[in-house]
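Here is the structure we will look at.
Just so it is clear, the structure is predicted and the values come from calculations on it, not from any experiment.
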Protein chains: 2
Amino acid sequence: MAEKEKIDKKEHLLNVAERVFGEMGYDGASTRLLAQEAGMNMAMLNYYFGSKDGLLKAVVERRMSSTRKEFEVIAHQDMPCWEKINQIVQLYVSRVATSKYFHKIIFREISVIRTGSEVTDFVLENLYQNVMLVHQVLAEGIQKGEFREVDIEMTVAGIFGTVNYLINSRRLASKILKMDLMDDQVLQEEMKPRLLAYLQDSLKTHLLKNETEK
Amino acid sequence: MAEKEKIDKKEHLLNVAERVFGEMGYDGASTRLLAQEAGMNMAMLNYYFGSKDGLLKAVVERRMSSTRKEFEVIAHQDMPCWEKINQIVQLYVSRVATSKYFHKIIFREISVIRTGSEVTDFVLENLYQNVMLVHQVLAEGIQKGEFREVDIEMTVAGIFGTVNYLINSRRLASKILKMDLMDDQVLQEEMKPRLLAYLQDSLKTHLLKNETEK
DNA sequence: GTTTATTAATCAATCGATTGATTAACTTTG
DNA sequence: CAAAGTTAATCAATCGATTGATTAATAAAC
C-alpha cells in the first residue's frame with residue numbers, strides 16, 4: 001500500500017502540474033503553488049522529480065511517447081491514404097480534446113526560449129516525428145495519384161494549426177464558436193465532432209481530385 | 001531634439017520589449033533583462049510605463065489598433081467576397097510576417113491565465129473583432145451563393161490557426177519547411193509567398209463551388 | 001533498525017518596484 | 001544676455017517579497 005500510495009501521489013502531482021502549468025505557464029507556476037495545489041510539501045517536488053524543470057519534463061514525457069506509437073500504427077496500415085489521414089486526424093483531435101492542458105504546455109514550450117532546459121528539444125523532436133508521419137501519408141497519397149499535388153508541408157501545418165488554435169486559445173475559441181469550451185462535456189460532444197467534420201470537409205475538398213465524372 | 005530623443009528611447013524600449021517578451025514570455029523576461037537589453041536603467045521602465053504589465057500593454061496596444069482598421073477597410077469594400085477574403089488573408093500574413101514576435105506575445109497572452117492584468121481582455125476583444133470581420137465576409141459570400149455552405153467559424157479558425165502555427169512555433173516550422181524562418185529574408189521571400197499560395201489554394205477548393213458547368 | 005517518506009525552516013538569488021539624489025534642458029525673471 | 005527657478009530624465013542603491021532549492025530533523029514503513 002505504501003508503494004501504491006507513493007505512485008498515486010507522484011501521479012497526482014503530475015496531474016496537478018499539468019493543469020497548473022497549462023493554466024499559468026511554466027514561469028507563472030511557482031513550485032510553492034504547485035505543491036499547494038497538489039496538497040503536499042514543496043520539498044516533495046524536488047524529492048520526486050529533482051527540480052521544477054524535471055517535473056515539467058515528466059509531465060511532458062508521459063504523454064508524448066504513447067501518442068506517437070498510435071500514430072505510427074495508423075500510418076503503416078494497409079489502406080487508402082484518405083482513410084489513413086482520416087484516422088490520424090480523428091486520433092489527434094481525440095487526444096487534444098481529452099488532455100486539455102497538455103497541448104497548451106508543449107506548444108508554449110516550443111514557442112519560448114528557456115535557457116538550460118532539455119524539455120524544448122525533446123518536445124520539438126517528438127512533434128516533428130508526428131508531423132513527418134502525416135507528411136509521409138500525404139506524400140504517398142500524391143504519389144499514388146489519390147491526392148492532388150498540394151503543398152504537403154503547408155497542409156500539415158493547416159491540420160495541426162487549426163486544432164492548436166482552437167485548443168490553446170480556448171477563451172477566444174469559445175467566443176467564436178459560441179460554446180463554452182471550458183466545459184468538458186461541451187468540448188467532447190459539440191466542439192469535437194464539429195471540428196472533425198470541418199477538417200474532413202476541408203481536407204476532402206483540398207486533397208481529393210474533382211470527381212466530375214459520373 | 002530633446003523631444004525627439006525621448007520618444008525614440010521609449011520607442012526603443014517598446015521594440016526591445018516586443019522581442020524579449022516574444023522570445024522568453026512575459027514571466028520569463030525580467031525587468032532587469034528588459035532594461036539591460038534596451039541599454040537603460042531599469043527604473044526607466046517604470047518611469048515610462050508604470051509597471052512591467054504596463055509595458056506589455058503598451059507593446060500590445062500600439063500594434064493591435066492599427067491592424068483592425070485596415071481589416072475593416074477591406075471588409076467593407078465593394079467587391080466579390082472571394083476578393084475580400086484574398087485581400088484580408090494577404091494583409092494578415094503580411095502583418096504576421098513583418099512583426100515576428102508580436103503574434104507570439106498575443107497568442108501566449110490569451111492562452112495563459114495572468115491574474116490582475118487587463119492585457120488579456122484587451123487582446124481577446126481585439127482578436128475577436130478581427131475574427132468577426134472575416135466571419136462576416138464568409139457569411140456574406142455564402143448568402144450570395146458565392147461560397148459553399150461551409151462551417152464559417154471553423155473556416156476562420158483554419159485560417160488564423162494555420163498562420164499562427166507557422167509563426168509561433170518557428171523552430172518546428174523551420175524543421176518542417178526545411179527553411180530557416182529565423183532569417184527575415186527567408187521568411188519574407190520564401191515562406192510568405194508559399195503560405196499565401198497554400199491558403200489561397202486551400203480556401204479556393206474549400207469555399208468555391210465546383211465550376212463543373214460550362 | 002534501517003530505509004523511505006515527509007516536514008518545517010532556511011538558503012542564496014532574483015523578482016518588480018521605489019527611493020532620493022543628480023543631471024540636463026527649458027522658462028522665467030531681472 | 002545672464003542668473004534663478006522649474007521641469008523632465010536618469011541614475012545607483014535598496015526595498016520587501018518571492019523564487020527554486022536544500023537542509024536537518026522527524027515520522028512511517030518494512
Side-chain angles (χ1 to χ4, degrees), chain A residues 1-18 20-21 23-60 105 108-109 112-120, chain B residues 1-18 20-21 23-60 105 108-109 112-120:
Chain A
M1 195 179 86
E3 186 68 12
K4 171 93 177 306
E5 267 184 23
K6 191 191 82 180
I7 294 179
D8 279 355
K9 215 167 168 184
K10 247 177 122 166
E11 189 83 7
H12 177 59
L13 177 54
L14 282 174
N15 291 333
V16 169
E18 184 170 310
V20 178
F21 278 143
E23 285 176 344
M24 342 240 317
Y26 178 81
D27 290 307
S30 72
T31 53
R32 277 172 181 78
L33 178 65
L34 286 164
Q36 181 186 328
E37 291 279 304
M40 62 182 66
N41 192 284
M42 59 171 290
M44 295 308 291
L45 191 155
N46 297 83
Y47 181 71
Y48 285 144
F49 302 102
S51 67
K52 185 186 179 184
D53 193 63
L55 173 58
L56 176 68
K57 196 177 168 192
V59 166
V60 167
I105 295 175
R108 220 177 285 139
E109 187 64 21
V112 163
I113 296 176
R114 281 208 305 111
T115 44
S117 170
E118 327 147 18
V119 183
T120 307
Chain B
M1 196 179 85
E3 187 67 13
K4 172 99 175 303
E5 267 182 22
K6 189 193 83 178
I7 294 180
D8 279 356
K9 213 165 170 186
K10 244 177 126 168
E11 190 83 6
H12 176 61
L13 178 54
L14 282 174
N15 291 332
V16 169
E18 184 170 308
V20 178
F21 278 144
E23 285 176 345
M24 341 242 317
Y26 179 81
D27 290 307
S30 72
T31 53
R32 278 173 180 79
L33 178 65
L34 286 164
Q36 181 186 328
E37 292 277 304
M40 63 182 65
N41 192 282
M42 58 174 292
M44 295 309 294
L45 191 155
N46 297 84
Y47 181 71
Y48 285 143
F49 302 102
S51 67
K52 185 186 179 184
D53 193 64
L55 173 58
L56 176 69
K57 194 177 168 192
V59 166
V60 167
I105 295 175
R108 219 176 285 139
E109 187 63 22
V112 163
I113 296 176
R114 282 207 305 110
T115 44
S117 170
E118 326 148 19
V119 183
T120 307

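Geometrically, A/K9 does not engage A/Y48 in a cation-pi contact defined by less than 6.0 Å to the ring centre and at most 45° from the axis.
The CE atom of B/M42 sits 12 Å away from the C1' atom of C/dT19 (whole-angstrom rounding). Rounded to an integer number of Å, the gap from A/K10 NZ to C/dT6 P is 12 Å.
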Using atom types as modelled, flag every donor-acceptor pair under 3.5 Å from a side chain in residues 31-39 of chain B to any protein atom, sequence neighbours excluded.
{"from": "B/E37", "atom 1": "OE1", "to": "B/R19", "atom 2": "NH1", "distance (Å)": "3.4"}
{"from": "B/E37", "atom 1": "OE1", "to": "B/R19", "atom 2": "NH2", "distance (Å)": "2.7"}

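A sub-4.0 Å separation between OP1 or OP2 of C/dT6 and a side-chain N or O of A/Y47 is absent. At C/dA17, one or more side-chain N or O atoms of B/N46 fall inside 4.0 Å of OP1 or OP2 (strictly under the cut-off). Taking only side-chain nitrogens and oxygens, B/Y48 comes nearer than 4.0 Å to OP1 or OP2 of D/dT10.
No side-chain donor-acceptor contact under 3.5 Å links A/K52 to the backbone of A/L45.
Annotation: side chain of B/N15 is in contact with side chain of B/E11 (closest heavy-atom distance under 4.5 Å). Within the 4.5 Å cutoff, the side chain of B/M44 has no heavy atoms near those of the B/L13 side chain.
Qualifying side chain to side chain donor-acceptor pair (under 3.5 Å) partners for B/K57, counting only residues two or more places apart in sequence or in other chains: B/E118. Residues that satisfy the side chain to side chain donor-acceptor pair (under 3.5 Å) test with A/D53, not counting sequence neighbours, are A/R114, A/S117.
Of the residues in residues 50-60 of chain B, those placing a heavy atom less than 4.0 Å from an atom of DNA chain C are B/S51, B/K52, in numerical order. Listed in residue order, the members of residues 26-37 of chain A having a heavy atom less than 4.0 Å from DNA chain D are A/A29, A/S30, A/T31, A/R32.
Residues B/N46 and B/S51 come closest through the heavy atom pair ND2-CA, 3.8 Å.
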